2 protein chains.
Amino acid sequence: MTSTAVPPPTLTRLPVYARVLDELVRRGVVTASSVELAAAAGVEPAQLRRDLSHLGSYGKRGVGYDVAELRAHVRGALGVGRRRGVVVVGVGNLGRAVASYAGLVPRGFEVVALVDVDPAVVGTTVAGVEVADLAELPRLVVERDVSLAVLTVPGGAAQDALDAVAASGVRSVLSFAPRALSVPDGVALRSVDVAAELQILSYYLPPV
Amino acid sequence: MTSTAVPPPTLTRLPVYARVLDELVRRGVVTASSVELAAAAGVEPAQLRRDLSHLGSYGKRGVGYDVAELRAHVRGALGVGRRRGVVVVGVGNLGRAVASYAGLVPRGFEVVALVDVDPAVVGTTVAGVEVADLAELPRLVVERDVSLAVLTVPGGAAQDALDAVAASGVRSVLSFAPRALSVPDGVALRSVDVAAELQILSYYLPPV
DNA sequence: GTTTGTGAACCGATTCACAGCA
DNA sequence: TGCTGTGAATCGGTTCACAAAC
């Protein structure tokens with residue numbers, strides 16, 4: 001099976017596999033079976049084999065997978081081959097935390113721009129990047145080769161922020177705002193809602 | 001259909017419905033149909049009706065749903081009827097952002113404890129709460145009635161942190177660490193991985 | 001008339017189990 | 001022999017479409 005579209009559930013697991021393969025490369029492991037990889041990733045072996053089959057046929061029967069080769073293919077499928085510029089929209093506590101997050105660089109992401117609408121924040125420097133006004137966004141996106149946006153604005157500002165980043169040419173957006181957003185054409189949006197995650201976990205707590 | 005187990009996909013949508021219903025209550029809306037609710041939540045009407053049917057039968061045919069009543073049932077199903085104490089484990093940038101996040105209180109969550117292992121951080125105050133040593137966790141969980149933990153520790157410390165919160169009696173955990181974690185018995189774990197989200201979004205970017 | 005709640009059909013992902021290859 | 005890749009079976013969620021209820 002060659003690279004036709006990857007099913008969404010598989011896509012969400014690819015970063016996990018990429019992380020596992022990174023670790024194996026770091027430890028100098030050359031070959032790994034689906035059983036070993038699946039155990040490290042926390043999935044079933046059949047699931048992992050099916051997932052990988054959507055990318056191509058990179059294993060050897062009786063042997064397993066070449067770790068370095070497989071990692072290259074997983075990375076290739078995710079499009080994380082090269083550095084990606086990220087703009088953080090909304091420089092509050094969460095925006096600052098994202099801008100300072102050390103886990104991005106090793107995965108190929110670099111926060112190259114920060115924007116906000118608050119004059120008290122614009123002009124300050126966070127994680128080595130000067131905060132610009134939201135109006136500068138279209139220019140920054142072009143000049144600094146921004147591929148992705150992270151929205152860390154209050155819920156009420158999220159739709160405007162999404163429209164603004166879309167208008168400036170960014171097509172992939174990660175939102176932390178607790179809102180259902182109307183997604184402009186051609187834009188890929190993923191959302192993380194911390195309060196919602198806690199509410200989901202509350203379901204499993206013993207009742208009152 | 002009465003409240004047997006709620007399917008996981010439905011469970012992830014309930015917080016969205018809760019938010020929509022909050023907004024309608026705020027605007028003084030008394031009744032809403034599945035079509036209206038679904039549009040506000042960004043799902044299909046049939047999906048919403050099926051989801052709600054897992055909670056019980058609270059609509060009136062020809063009329064729709066009583067907004068206040070439905071909200072009470074959704075909240076009840078999520079177990080967000082009353083305030084829940086939260087401990088934040090790991091007081092770095094992200095931990096501070098979570099502790100300061102204004103979106104938690106309106107949804108019934110209160111950060112009542114912060115712990116870290118770094119002596120430079122222990123003893124400082126963040127968002128009105130003094131940071132304690134990780135060793136204090138079992139005592140704090142009991143004394144401050146902690147129901148949920150948020151792990152904002154480096155990846156390498158995540159498994160230990162999870163084991164520690166589980167040992168101290170917390171059964172619901174939200175982790176921000178980019179690791180596959182082995183989950184202790186009886187613990188519900190959800191994970192948010194910001195770098196993984198960006199990698200998933202990278203898939204949709206134009207190739208190199 | 002309107003709208004819910006739900007069987008039934010559909011669709012897609014997961015899992016099984018084994019043929020095929022190293 | 002050992003392990004992959006994948007048809008086939010299975011499982012579960014989504015969507016359709018309509019009878020029942022208001």
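Numbered from 1 within each chain, the chains take letters A, B, ... in sequence-line order. Reckoned from all heavy atoms, side chains included, excluding hydrogens, waters and symmetry mates. Here the structure is a predicted model, which is why all the values come from computation and not from measurement.
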Quickly work out the B:Asp51 CG to D:dG12 C1' distance and round it to whole Å.
-> 13 Å

Distance test, side-chain N/O of B:Gln47 to OP1/OP2 of D:dT15, below 4.0 Å = yes

Figure out the CG/C1' separation between A:Leu48 and C:dC16, and round it to whole Å.
-> 16 Å

In whole Å, what is the span from the CD atom of B:Glu44 to the C1' atom of C:dT4?
-> 17 Å

Would you name the heavy atoms of A:Val153 and A:Ala161 that are closest together and state the gap between them?
-> CG2-CB, 4.1 Å

Any donor-acceptor pair under 3.5 Å linking the side chain of A:Arg107 with the backbone of B:Ala195?
-> no

Calculate the interatomic distance between A:Leu37 atom CG and D:dG5 atom C1'; express it in whole Å.
-> 15 Å

Would you indicate which nucleotide in C:dC21, D:dT15, D:dA19 comes nearest to any side-chain atom of A:Arg61?
-> C:dC21

Which listed nucleotide (C:dA13, D:dG13, D:dG5) is nearest to the side chain of A:Ser57?
-> D:dG5

Picking from D:dT4, C:dT3, D:dT15, which would you name as closest to the side chain of B:Ser33?
-> C:dT3

Any N or O donor-acceptor pair linking the side chain of A:Arg49 to the base of D:dG5 at under 3.5 Å?
-> yes

Round to the nearest Å and state the distance from A:His73 atom NE2 to D:dT4 atom P.
-> 15 Å

Is any side-chain N or O of B:Arg50 under 3.5 Å from a base N or O of C:dG7, one able to act as donor and the other as acceptor?
-> yes

Nearest-Å distance, OH (B:Tyr65) to C1' (D:dC22)?
-> 14 Å

Spacing between A:Asp66 atom CG and C:dA22 atom P, to the nearest angstrom = 16 Å

Nearest-nucleotide wise, let me know which of B:Gly62 and A:Pro8 is further upstream toward the 5' end of DNA chain C.
-> B:Gly62

Taking all atoms of both residues into account, what is the closest heavy-atom pair of B:Asp116 and B:Gly92, and its distance?
-> OD2-N, 4.4 Å

Of the nucleotides C:dG5, D:dC22, D:dG13, which has the atom closest to the B:Val63 side chain?
-> D:dC22

So do B:Val91 and B:Asp118 actually touch side chain to side chain, heavy atoms under 4.5 Å?
-> no

Using only side-chain N and O atoms of A:Tyr58, determine if any of them is under 4.0 Å from OP1 or OP2 of D:dC3.
-> no

Among D:dT4, C:dC16, C:dT6, find the nucleotide with the atom closest to the side chain of A:Ala46.
-> C:dC16

Just checking B:Ser34: base, sugar-phosphate only, or nothing, at a heavy-atom cut-off of under 4.0 Å?
-> sugar-phosphate

B:Leu11 vs A:Tyr204 side-chain heavy atoms within contact, under 4.5 Å | yes

Whole Å only: how far is the CG atom of B:Leu11 from the P atom of D:dT14?
-> 12 Å

